[in-house]
Amino acid sequence: MFDKITPRSEDYSKWYTQVIRQAEMADYAPVRGCMVVRPYGYALWENVKEQLDIRFKATGHQNAAFPLFIPMSFIEKEAEHVEGFKPELAVVTHGGGKKLEEPLVVRPTSETIIGYMYSQWIQSYRDLPVLINQWANVVRWELRPRLFLRTMEFFWQEGHTAHATHEEAEEETLRILDIYTDFAVNEAAIPVIPGRKSDSEKFPGALTSYTIEAMMGDKRALQAGTSHDLGQNFAKVFDIQYLDSNQKQQHCWTTSWGVSTRMIGAIIMTHGDDQGLVLPPRLAPTQLVIVPIIPKNNDEAKQVVTQTVDAICETLGSVRYHVDDRYEYSPGWRFNEWELKGVPLRIEIGPRDIENDQVVFARRDIPGKEGKSFVPIADVAETAMQMLDSIQSDMLKRATDFRDANTFEPNDYEGFKEIVENGFARTWWCGKEECEDKVKEETQATIRCIPMEQPDSDGTCIVCGAEAEERTIFARAY
RNA sequence: CGGGGUGUAGCGCAGCCCGGCUAGCGCGUCUGCUUUGGGAGCAGAAGGUCGGAGGUUCGAAUCCUCUCACCCCGACCA
């Protein structure tokens, strides 16, 4: 079970899978392409959910639940939407032993069925905006699944809103992009680049798609969340209309946005090292693990250790801690186990420490002796809280430095090709799809996003040399 | 769907090319004793329709035919 983990440099995707399975985050299900999220992985997901949910509620959104099944005809209403999703639909053709009149699609996303309901609910400008989110599972028949990053069934939240004007819908789309960015940076310690998708990469049926893009430990890009301005596309095909204050019928402007369990994959690949997971303290299911070390056949020493541990626990307040008193496992074994699981902070406490009225702190983000320090027993709680804070901010800094150190601005197309082999290329693009296609064909890299933050100057397209107004991020992506 | 690969104990594998006694090994599990400051040691034990079906043969994990499943690489994708 505790085989050595393959180093990242040797085989990154092997490392990724091994870490997930050995840390008991998830396991393969007996159905191809599906995974089982195990309690430890789910606990992390619950913390992700909680932090996002707080932000949604704070901006006026409410949760609701829509059906898992969607009539096939709904999916077919919006032309681009069908084209985008048709190849990956799971379709129910039989129910109760009989062939269905109309096949039901297991939702791949819920714009259509929610749009249909909105058309029933919305009559007047006074009904707007409608701001609803759902936490749900969806199914997409993926050809090449990968734990957390791309599974046939995955868990996510999907927000769906309807507004009176395009301006309001755009505002909403960007507000959510800000929420996603704030969550990724401040909770997950993942430095993301918020930006706009190119037309070829946008959501099927959207006017404009926005994204947060992150760099993983192998320097490939991962789309960690998306927010779409759907314009009136879905409102028109589902008749989502309202009467405005001038007594004129108007189509609504809708948005949709989502973050999925892929975020877990992003956390793993942003922070993990060759010992296993490294979880950001703010999201870690267990923030602090205490490993008591006791000599055998010495009840007195054992009692002193356990009493001291108990006393320390009383002072820990809101810290999410766990005492690992599985004495049948050696201390070294337990250290390794918690490192594999990415617990941010570990306290080791044995008779030798108690003699000196101290404990050993070990930071997960700084492996080996470097990350160890002695702390007086009286200061444990305060030090633990400070250290969790600094681990959180150091993790963000380390990930930001890594990304910046692997982001380059090419001088010419040859240089560009080299860069996207192994990092992000930040460069100018004229906006023509043929340049985008050429890059994809020759390098497998795609436009990850056109960052919201743009320099004042203009430039020339890295591919064709034409004048370009927007600087974009190109990279190979998951 | 194209290319490659794997199914043998809970997990990871060897054995197959070249058929032959009771199908092995490592990890894990169970029991006992000794151990506990970086993945403990010794001794003992349990655990198998060799993915499935059919065939060849005195004899099949091994050869043949069919079949199922999964994994990896590509096209699609949050």
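Sequence lines set the chain letters: A, B, ... in the order given, protein chains first and strands last, and positions in each chain run from 1. Just so it is clear, the model here is predicted, and its values are computed rather than measured.
Taking only distance into account, the side chain of Glu339(A) meets the base of rG38(B) through a donor-acceptor pair shorter than 3.5 Å. At a cut-off of 3.5 angstrom, the base of rG38(B) holds at least one donor-acceptor pair with the side chain of Lys372(A). Contact of Arg140(A) with rC77(B) (side chain to base): no donor-acceptor pair of N or O atoms is detected under 3.5 Å.
In this structure, rG32(B) forms a base pair with rC42(B), meeting either the Watson-Crick or the G-U wobble geometry with both donor-acceptor distances under 3.5 Å. Across all strands shown, rU62(B) forms no Watson-Crick or G-U wobble pair with both distances under 3.5 Å. Pairing partner, rU56(B): none, since no Watson-Crick or wobble contact has both distances short of 3.5 Å. Under the Watson-Crick or G-U wobble criterion, with both distances below 3.5 Å, rG37(B) is left unpaired in every strand shown. Base pairing analysis places rG74(B) opposite rC1(B); the two distances defining the Watson-Crick or G-U wobble pair are each below 3.5 Å. Base pairing analysis places rA23(B) opposite nothing; no Watson-Crick or G-U wobble pair with both distances below 3.5 Å involves it. Nucleotide rA69(B) has rU6(B) as its partner under the Watson-Crick or G-U criteria, with both atom distances under 3.5 Å. rU49(B) makes up no base pair with any nucleotide shown, lacking Watson-Crick or G-U wobble contacts both under 3.5 Å.
Both Arg146(A) and Met152(A) sit near RNA chain B, but only Arg146(A) has its closest nucleotide nearer the 5' end. Between Leu149(A) and Ile354(A), the residue anchored nearer the 5' end of RNA chain B, judged by the nucleotide with its closest heavy atom, is Ile354(A).
Following rounding to the nearest Å, Gln223(A) (CD) and rC76(B) (P) show an atom-to-atom distance of 15 Å. Rounded to whole angstrom, the span from the CZ atom of Arg476(A) across to the P atom of rC76(B) amounts to 14 Å. To the nearest angstrom, P of rU34(B) lies 15 Å from CG of Asn298(A). Going from atom NZ of Lys14(A) over to atom P of rG12(B) covers 13 Å, rounded to whole Å. Residue Leu143(A) contributes atom CG, which lies 10 Å from atom P of rC77(B) at whole-angstrom precision. rA78(B) atom P lies 18 Å from atom CD of Gln134(A), rounded to whole Å. Atom NZ of Lys197(A) and atom P of rC77(B) are 11 Å apart (whole Å). When the C1' atom of rC77(B) is taken as reference, atom CD of Glu142(A) falls 5 Å away, rounded to whole Å.
When the options Glu470(A), Glu433(A), Glu436(A), Arg448(A) are evaluated for a side chain to side chain donor-acceptor pair (under 3.5 Å) with Ser198(A), the one that passes is Glu436(A).
Side-chain N/O atoms of His61(A) and Glu172(A) include a donor and acceptor closer than 3.5 Å. No hydrogens or angles considered: a donor-acceptor pair under 3.5 Å links the side chains of Glu158(A) and Ser110(A). Checked by atom type, the side-chain pair Asn47(A)/Tyr42(A) shows no donor-acceptor distance below 3.5 Å.
Taking the P atom of each, rG5(B) and rC50(B) are spaced 25 Å apart, rounded to whole Å. Between the P atoms of rG51(B) and rG10(B), the separation comes to 13 Å (whole Å). Between the C1' atoms of rA53(B) and rA61(B), the separation comes to 16 Å (whole Å). Of the P atoms belonging to rG54(B) and rG32(B), the separation is 46 Å, rounded to the nearest Å. rA75(B) and rG28(B) are spaced 41 Å apart, taking the C1' atom of each and rounding to whole Å. As rounded to the nearest Å, rU31(B) and rU67(B) have C1' atoms that lie 44 Å from one another.
Ser209(A) comes within contact range of no nucleotide atom at all, as no heavy-atom separation falls under 4.0 Å. Residue Gly350(A) is classed as a base contact, given a heavy-atom separation below 4.0 Å to a base. Within 4.0 Å of Arg346(A), counting heavy atoms only, lies at least one base atom of the nucleic acid. Using a 4.0 Å heavy-atom distance criterion, Phe203(A) is classed as making no nucleic acid contact. In this structure, Pro295(A) reaches neither bases nor backbone, as no heavy-atom distance under 4.0 Å exists between it and the strands shown. Within 4.0 Å of Val291(A), counting heavy atoms only, lies no atom of the nucleic acid at all.
Val305(A) and Gly350(A) get closest at one heavy-atom pair: CG2-C, 4.1 Å.
For the pair Arg326(A)/Glu337(A), a side-chain contact is recorded, criterion being any heavy-atom separation below 4.5 Å from C-beta on.
One finds no side-chain N or O of Ser330(A) lying less than 4.0 angstrom from the OP1 or OP2 phosphate oxygen of rU36(B). Distances shown here put every side-chain N or O of Arg334(A) at or beyond 4.0 Å from the OP1 or OP2 atom of rG38(B). Remark: Arg144(A) is not in phosphate contact with rC77(B), judged by side-chain N or O atoms under 4.0 Å from OP1 or OP2.
Judged by the 6.0 Å distance and 45° axis criteria, Lys77(A) is positioned over the aromatic ring of Phe74(A).
Salt bridge absent: Lys417(A) and Glu421(A) never bring a charged side-chain N and a carboxylate O closer than 4.0 Å.
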